[in-house]
Amino acid sequence: MEYRTLGCSGLRVSRLCFGTLTMSPLQKNLSPAEGAKLLVHAYERGVNFLDTADLYANYPHIRLALKDAPGYVISTKAYCYDKKTAQEALERAFRGLGRDYVDLFMLHEQESLYTLRGHEEALLFLEKQRELGHIGAVGVSTHYVGCAAAVTRFPMIRVLHPLINVSGIGIRDGSREDMERSIIRARECNIGIFAMKALGGGHLISQNNDALNYALNSPLLDSIAVGMQRIEEIDANVATFEGYENAELGQEKLAHNERHMMVHDYCEGCGACAARCTQQAITVINGRATIDENKCIYCGYCARVCPQFCIKVV
């Protein structure tokens, strides 16, 4: 497995990052033991980097995995607006992971320069925690070109986690080329880059090889987060990232595992999911949530706000 340093953060990470959203209650809903088994297997195959979030509710899975895989570099993120919300989210991470240190803590789903300015108090608090040795680096995640372009104005931001893939699926305010230009500017300022949604949240699973080759061959990306739910997925992705001969055959076997959204019949059409969806993929029609899967990136965040628990990524 190849390892790279995330810009000026000093964090040394595997090129394949284990995206843990897929094992969380928002998607596969694996038990902590099941999730830990996958994380340990990936670690034994050379993966030392994982991405999670306060929202994913899978800290127990990671905490259990750390018993056998203590060297994981952990990236987490949360919706923090000020010092209070940042402090609370950081403390939840410490308690959940069983650690008093987080390698990378990011503000979740930032949108623009104005969003970052509005949340600067949270960024300053996190930077202070970095100086005190409680955080390794501060970063932001985003689906927006505007945010990716703005990170260079905030010296405490050392890592950018942008949505980027071969088709540009999910980028909210521009094209793949627009996002690439913003990433180039961030790299010029020595900001580390690790990609999200390299497979378009599932849309590009049928063309895994092309999607992963784009990400792996890009000189812009230090690491690429890929969601994995099964041992077979881990092995196929490790083979691809390590350049094994015949690795494409493993990816072809995974190409039939496309994700879909399911809305149960007992949906009451309250609209909470539509309000939460940043992709504008959900509308309420005839009293029931209807999902445009051409826009959906299968994040599952809508499921978190559904009062009836009737939405699921399958």
Do [X] and [Y] have a side chain donor and acceptor closer than 3.5 Å?
X    : Y    : value
T5   : R12  : yes
E109 : Y79  : yes
T240 : N237 : no

About how many Å separate [atom2] of [Y] and [atom1] of [X], when rounded to the nearest 0.5 Å?
X    : Y    : atom1 : atom2 : result
E233 : I205 : CD    : CD1   : 7.0 Å
S223 : N48  : OG    : CG    : 8.5 Å
C17  : F241 : SG    : CZ    : 9.0 Å
C306 : E268 : SG    : CD    : 8.5 Å
S24  : Y59  : OG    : OH    : 12.0 Å
Q207 : S167 : CD    : OG    : 5.0 Å

Shortest non-hydrogen contact between [X] and [Y], atoms and distance:
X    : Y    : answer
D54  : A89  : OD2-CB, 4.4 Å
L107 : A122 : CD2-CB, 4.3 Å
A65  : L39  : CB-CB, 3.7 Å
P70  : R99  : O-NH2, 3.0 Å
C147 : T142 : CB-OG1, 3.2 Å
S31  : H61  : O-CD2, 3.2 Å

Taking the side chain as C-beta and beyond, is there a heavy-atom pair between [X] and [Y] under 4.5 Å?
X    : Y    : result
V238 : D235 : no
K77  : D51  : yes
L50  : I62  : yes
F154 : L113 : yes
L199 : V226 : yes
L6   : R158 : no
I224 : L16  : no
L104 : S9   : no

In one Ile/Leu/Val/Met/Phe/Trp/Tyr side-chain cluster, 4.5 Å: [X], [Y]:
X    : Y    : result
L55  : I282 : no
V159 : L220 : no
V138 : L97  : yes
I297 : I311 : no
Y81  : L126 : no

Using atom types as modelled and distance alone, determine if a side-chain donor or acceptor of [X] lies under 3.5 Å from a backbone N or O of [Y].
X    : Y    : result
Y43  : G71  : yes
T152 : A186 : no
Q87  : K83  : no
S218 : A215 : no
R15  : L221 : yes
D103 : I74  : yes
R276 : R304 : no
H203 : C296 : yes
D222 : R4   : no
Q110 : H108 : yes

I would like to know whether E34 and M23 meet side-chain contact (heavy atoms from CB on, under 4.5 Å); could you show each step before the answer?
-> CA-CA 9 Å; E34 291 171 324; M23 71 171 62; over 6 Å; no

Test K84 against E88 for salt bridge (Lys or Arg N to Asp or Glu O under 4.0 Å), laying out the working first.
-> CA-CA 6 Å; K84 179 178 183 293; E88 290 171 347; 2.6 Å; yes

Test of ring centre spacing under 6.0 Å for Y101 and H134 = no

Would you say the ring centroid of F194 lies under 6.0 angstrom from that of F49?
-> yes

Paired with H143, the side-chain contact (heavy atoms from CB on, under 4.5 Å) test is passed by just one of I164, T278, D173, I171, namely T278

Can I169 and K197 be said to form a side-chain contact (heavy atoms from CB on, under 4.5 Å), step by step?
-> CA-CA 8 Å; I169 293 173; K197 307 295 182 188; over 6 Å; no

Give a yes or no on whether D100 atom CG has more than 12 heavy-atom contacts from other residues, nucleotides or ligands under 6.0 Å away.
-> no

Who are the side chain to side chain contact (heavy atoms under 4.5 Å, CB included) partners of N190, not counting sequence neighbours?
-> C8

I would like to know whether Y144 and T115 meet side chain to side chain donor-acceptor pair (under 3.5 Å); could you show each step before the answer?
-> CA-CA 11 Å; Y144 288 79; T115 309; over 6 Å; no

Mind checking whether Y301 and Y56 have parallel, tilted or perpendicular rings, split at 30° and 60°?
-> tilted

Is any NZ, NE, NH1 or NH2 atom of the basic residue among R187 and E180 found under 4.0 Å from an Asp or Glu carboxylate oxygen of the other?
-> no

Please test L90 against I135 for side-chain contact (heavy atoms from CB on, under 4.5 Å), starting from the C-alpha separation and ending with a verdict.
-> CA-CA 9 Å; L90 185 59; I135 296 174; 4.0 Å; yes

Trace of the salt bridge (Lys or Arg N to Asp or Glu O under 4.0 Å) decision for E127 with R130 | CA-CA 5 Å; E127 173 64 6; R130 186 195 67 81; 2.9 Å; yes

Using side-chain hydrogen bond (donor to acceptor under 3.5 Å, both in side chains) as the criterion, point out the one residue from T22, T20, N29 that pairs with N58.
-> T20

List the steps and the verdict of side-chain contact (heavy atoms from CB on, under 4.5 Å) for V40 and K67.
-> CA-CA 9 Å; V40 171; K67 294 180 179 180; over 6 Å; no

